[in-house]
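The structure appears right after this line, and notes come after that.
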Amino acid sequence: QVHLVESGGGLVQAGDSLRLSCAASGLTFRSYTMAWFRQAPGKEREFVARINGDGTYCYYGDSVKGRFFIHRDNAKNLVYLQMDSLSLDDTAVYYCAARAAIRRAGEYDYWGQGTQVTVSA
């Protein structure tokens with residue numbers, strides 16, 4: 001059974017940094033594209049970033065480019081989201097997701113439960 005467990009969320013001030021982690025189990029980690037999404041209250045789920053199986057390619061949503069950085073440790077089955085220069089608009093529940101790398105697009109196969117990030121002024 002596949003599990004994705006996010007951690008690292010919390011309450012921070014605008015301008016601060018935060019690093020989220022996602023621990024994966026029950027899957028061949030390097031065979032999955034990993035991604036982060038977020039959902040703010042009253043808004044649709046938003047793509048944040050994704051990284052391919054060997055960590056050589058990353059792609060970011062426009063709202064986080066240059067501030068957020070995704071990376072992974074395949075030896076530890078972990079994917080991280082480093083978030084810098086946080087703003088109030090970054091407040092959301094952040095979700096980790098996995099998609100079989102053989103499929104270059106489409107829905108994600110597995111999702112975590114999410115971790116709350118709250119940015120205060």
Regarding R72 and the six-membered ring of W36, is the cationic atom NZ or CZ under 6.0 Å from the ring centre and inside 45° of its axis?
-> no

Which atom names give the shortest non-hydrogen contact between Y95 and Q39, and what distance separates them?
-> CE1-CB, 4.3 Å

Between the side chains of T56 and D54, is a donor N or O closer than 3.5 angstrom to an acceptor N or O?
-> yes

Is there a donor-acceptor contact under 3.5 Å linking the side chains of E46 and S63?
-> yes

Spacing of CD belonging to Q13 relative to OG belonging to S120, to within rounding of 0.5 Å | 5.0 Å

Distance-only donor-acceptor check, side chains Y94 and R38, under 3.5 Å | yes

Taking atom CG of L4 and atom OH of Y110, what is their separation to the nearest 0.5 Å?
-> 9.0 Å

Hey, is CG on L88 packed in by over 12 heavy atoms from elsewhere, all under 6.0 Å?
-> yes

With distance as the sole criterion, is a donor-acceptor pair present between the side chains of D84 and S17 under 3.5 Å?
-> yes

For the atom pair OG1 (T118) and CG (L18), what is the distance rounded to the nearest 0.5 Å?
-> 10.0 Å

Which atom names give the shortest non-hydrogen contact between A98 and M34, and what distance separates them?
-> CB-SD, 3.5 Å

Ion pair check, D109 and R103, cut-off under 4.0 Å = yes

Considering all heavy atoms, the nearest A92-A40 contact = CB-N, 3.8 Å

NZ of K65 to CZ of F69: how many Å apart, nearest 0.5 Å?
-> 12.5 Å

Got Y60 and V48 here, is their nearest side-chain heavy-atom distance under 4.5 Å?
-> no

Looking at F47 versus F37, is the centre-to-centre ring distance below 6.0 Å?
-> yes

